[in-house]
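Numbers restart at 1 for each chain; the letters A, B, ... are given by sequence-line order, proteins then strands. Remember, predicted model here, so these are calculated numbers, not experimental data.
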Protein chains: 2
Amino acid sequence: MIEKLQSKKQNPNTRLEKRLRGRPKKFDFSLALEQALALFWAQGFEGTSISNLSSALNMNRPSIYASFGNKEHLFKRCTEKYLAEKLSFIDEAMNEKNTLMAFEALFKKEIELISHGKGCLLVNTALTCNPMNEAIKTMLTEHRKTLESKFRKRIQLAQLKKEVGTKESPATLAKYIASIYQGLSVQTATGATNRGMREVVKIALKIFE
Amino acid sequence: MIEKLQSKKQNPNTRLEKRLRGRPKKFDFSLALEQALALFWAQGFEGTSISNLSSALNMNRPSIYASFGNKEHLFKRCTEKYLAEKLSFIDEAMNEKNTLMAFEALFKKEIELISHGKGCLLVNTALTCNPMNEAIKTMLTEHRKTLESKFRKRIQLAQLKKEVGTKESPATLAKYIASIYQGLSVQTATGATNRGMREVVKIALKIFE
DNA sequence: AAAATTTTATACTAATTGGTATAAAAATAT
DNA sequence: ATATTTTTATACCAATTAGTATAAAATTTT
């Protein structure tokens, strides 16, 4: 009974945010963002309409605009969330103590991430688009470049420590790793199994043995 | 003067098709299809509207529908054209006399094909989409699987001829090759140069040396 | 209890989407 | 010349797009 009274009209935000004055939100901001991310991830930027989002988040349109801005802005927030929460393993993998372990960890975690068949958000959601949405495509492209440069830095470090040969440049090796990473993102959208992808990685990483 | 009279109201189809009864088409069917392919290739399936096509092909909408059917059907025709005209090099490459040469040829030609930065149509135009357009995504996926199976068959042949080791299965090696192929398609959309991609291929094909 | 505040829900906008009906235009066949 | 055929161009369709104005609802503050 006491419990029931306490949980009466419990707002998801109550515990986190200080209760504001007006009508309480019926949605949890962070959960809604996660649901938006899931939908964009599955359907791409242009494949997802505000109406789709409205249904999926159980929010009416004015609430979406009030909370997240327009479609482009919402997608950017989702991408940031994706980078912070889903791709955090990349920095962690790059901290492994040798190159082989670093990229083994990278791909192990990537395969877990993309095993649902939707691939990597940075790769699969807007490789091409209407000129109107060029900014979205460019943003994703920049993020992919950033990933590649993280690979490059890791390889540069390894070459300094003489841990890896210097025959190929770090830039080239990084591009090779990025190609595999992106290739797997397409592979999972082509029906590849986790096992199949792990075997691809095993071959791909032979160059570091 | 004579030339001018001869070329008066020259219809592009005149030479090929028997002149029909009614008002002549103002467009060349094959050219229009090529322009449609170029637009879908650059903007993706969902990023290309019938209005976009109408402008690009200089055809009004009823003419597009009359000539090519609806948007989905037109995209399928473009994909078929793409396979027949742009990806014909794949079968040719698979006919090279050894595995290394086959895949060297494959990637050399692929890089030429995608060097405009739009990647491979099968990869870059609808990796994700609205559920409404699922059939398009599925069609492209099937074509990607077909490519991979061509790689697999080539490797099976090579293993029979003891030309390549049997440590990894043809299926796995084919998936590895397909991953590189698809990875390069993303790479060119990420700003990679032809030279950069060629260097990636050089590393990738070391396993066949 | 009343005022203030904030979110919700409904209903709207103008533009665009994929797709088509209709009639004029431009050719050939008779 | 006239009829026939085919394409073009205009104008439309219903549905959906992204985005917003407005008022009711639900809360806290006074």
Side-chain angles (χ1 to χ4, degrees), chain A residues 7-14 17-29 31-32 36 39-40 43-76 129-136, chain B residues 7-15 17-29 31-32 36 39-40 43-78 126 129-136:
Chain A
S7 68
K8 188 180 90 175
K9 282 164 190 174
Q10 179 91 28
N11 185 299
N13 303 318
T14 308
E17 290 178 43
K18 195 179 205 120
R19 191 57 160 276
L20 290 171
R21 220 174 201 232
R23 179 171 175 170
K25 288 173 179 161
K26 77 166 188 181
F27 67 94
D28 176 32
F29 184 91
L31 175 64
L39 199 63
F40 277 130
Q43 304 188 1
F45 178 75
E46 289 181 330
T48 305
S49 71
I50 302 290
S51 289
N52 292 159
L53 288 161
S54 178
S55 308
L57 315 197
N58 189 30
M59 285 173 73
N60 43 44
R61 280 132 79 122
S63 289
I64 294 178
Y65 283 95
S67 302
F68 303 110
N70 65 14
K71 189 185 173 185
E72 182 171 332
H73 191 251
L74 173 54
F75 186 80
K76 282 183 186 168
C129 64
N130 193 278
M132 193 199 339
N133 302 313
E134 199 81 358
I136 294 294
Chain B
S7 70
K8 188 180 89 173
K9 284 169 189 170
Q10 177 93 29
N11 184 299
N13 303 319
T14 308
R15 267 154 296 176
E17 291 177 44
K18 194 177 204 120
R19 190 58 160 274
L20 291 171
R21 224 175 197 230
R23 178 170 175 172
K25 287 175 181 162
K26 77 166 187 180
F27 67 94
D28 176 30
F29 185 91
L31 175 64
L39 199 62
F40 277 130
Q43 303 187 2
F45 178 75
E46 289 181 332
T48 305
S49 70
I50 304 288
S51 291
N52 291 159
L53 288 161
S54 178
S55 307
L57 315 196
N58 190 30
M59 286 172 73
N60 43 43
R61 281 131 78 115
S63 290
I64 295 179
Y65 282 93
S67 304
F68 304 109
N70 66 14
K71 190 186 172 185
E72 183 170 331
H73 191 251
L74 173 53
F75 186 80
K76 282 183 187 168
R77 300 270 319 228
C78 289
C129 65
N130 192 277
M132 194 198 339
N133 302 314
E134 199 82 356
I136 294 294

Participant: OP1 or OP2 of C:dT17 sitting under 4.0 Å from any side-chain N/O of B:Ser51?
Facilitator: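 Checking C:dT17 against B:Ser51, a side-chain N or O does come within under 4.0 Å of OP1 or OP2.
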
Participant: Could you please name the option among D:dG19, D:dA26, C:dG19 that lies closest to any side-chain atom of A:Lys71?
Facilitator: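 Out of D:dG19, D:dA26, C:dG19, the nucleotide with an atom closest to A:Lys71's side chain is D:dG19.
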
Participant: Tell me the interatomic distance from A:Tyr65, atom OH, to C:dC12, atom P, rounded to whole angstroms.
Facilitator: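 In whole Å, C:dC12 P lies 19 Å from A:Tyr65 OH.
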
Participant: Rounded to whole angstroms, how far apart are CD on A:Glu46 and P on D:dA18?
Facilitator: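 After rounding, the reported distance stands at 10 Å.
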
Participant: Is the phosphate of C:dT8, meaning OP1 or OP2, less than 4.0 Å from a side-chain N or O of A:Asn60?
Facilitator: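 Answer no for this pair, as no side-chain N or O of A:Asn60 is under 4.0 Å from OP1 or OP2.
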
Participant: To the nearest angstrom, how far is B:His73 atom NE2 from C:dG19 atom C1'?
Facilitator: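 Answer to the nearest Å: 15 Å.
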
Participant: Return the CZ to CD1 distance between A:Phe68 and A:Ile50, rounded to the nearest 0.5 Å.
Facilitator: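 These two atoms lie 11.0 Å from each other.
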
Participant: Atom CZ of B:Arg61 and atom P of C:dG18: how far apart are they, to the nearest Å?
Facilitator: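 Between P of C:dG18 and CZ of B:Arg61: 7 Å.
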
Participant: Looking at every strand, decide which applies to A:Thr48 at a 4.0 Å heavy-atom threshold: base, sugar-phosphate, or nothing.
Facilitator: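 Answer is sugar-phosphate: A:Thr48 comes under 4.0 Å of backbone atoms only.
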
Participant: Using a cut-off of less than 4.0 Å, is there contact between a side-chain N or O of B:Lys26 and OP1 or OP2 of D:dA9?
Facilitator: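 True: B:Lys26 side-chain N/O within range (under 4.0 Å) of D:dA9 OP1/OP2.
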
Participant: Taking CG from B:Asn58 and P from D:dT8, how many angstroms apart are they, rounded to a whole number?
Facilitator: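 The distance from CG of B:Asn58 to P of D:dT8 comes to 10 Å, rounded to the nearest Å.
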
Participant: Looking at A:Ser63, does any N or O in its side chain come under 4.0 Å of the phosphate oxygens OP1/OP2 on C:dT7?
Facilitator: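 So the side-chain polar atoms of A:Ser63 never come under 4.0 Å of the phosphate oxygens OP1 or OP2 of C:dT7.
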
Participant: Starting at NZ of B:Lys25 and ending at P of D:dT5, how long is that distance when rounded to a whole Å?
Facilitator: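 It works out to 17 Å between those atoms.
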
Participant: For D:dA18 and A:Asn70 - does any side-chain N or O of the residue sit under 4.0 Å from the phosphate oxygens OP1/OP2?
Facilitator: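 The answer is no; no side-chain N or O of A:Asn70 sits under 4.0 Å from OP1 or OP2.
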
Participant: Report yes or no: is the cationic atom of A:Lys71 (NZ for Lys, CZ for Arg) closer than 6.0 Å to the six-membered ring centre of A:Phe45, at no more than 45° off its axis?
Facilitator: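 Output yes; distance and angle both within limits.
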
Participant: Quick check on DNA chain C: between B:Arg23 and B:Ser49, whose nearest nucleotide comes earlier from the 5' end?
Facilitator: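 On the 5' side of the pair lies B:Ser49.
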
Participant: Do A:Asn133 and A:Glu46 meet the criterion of a side-chain donor-acceptor pair at a distance under 3.5 Å?
Facilitator: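 Checked: A:Asn133/A:Glu46 side chains pair up, N/O donor to acceptor below 3.5 Å.
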
Participant: Quick one: A:Met132 CE to C:dA15 P, roughly how many Å, whole number?
Facilitator: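 So the two atoms are 14 Å apart, to the nearest Å.
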
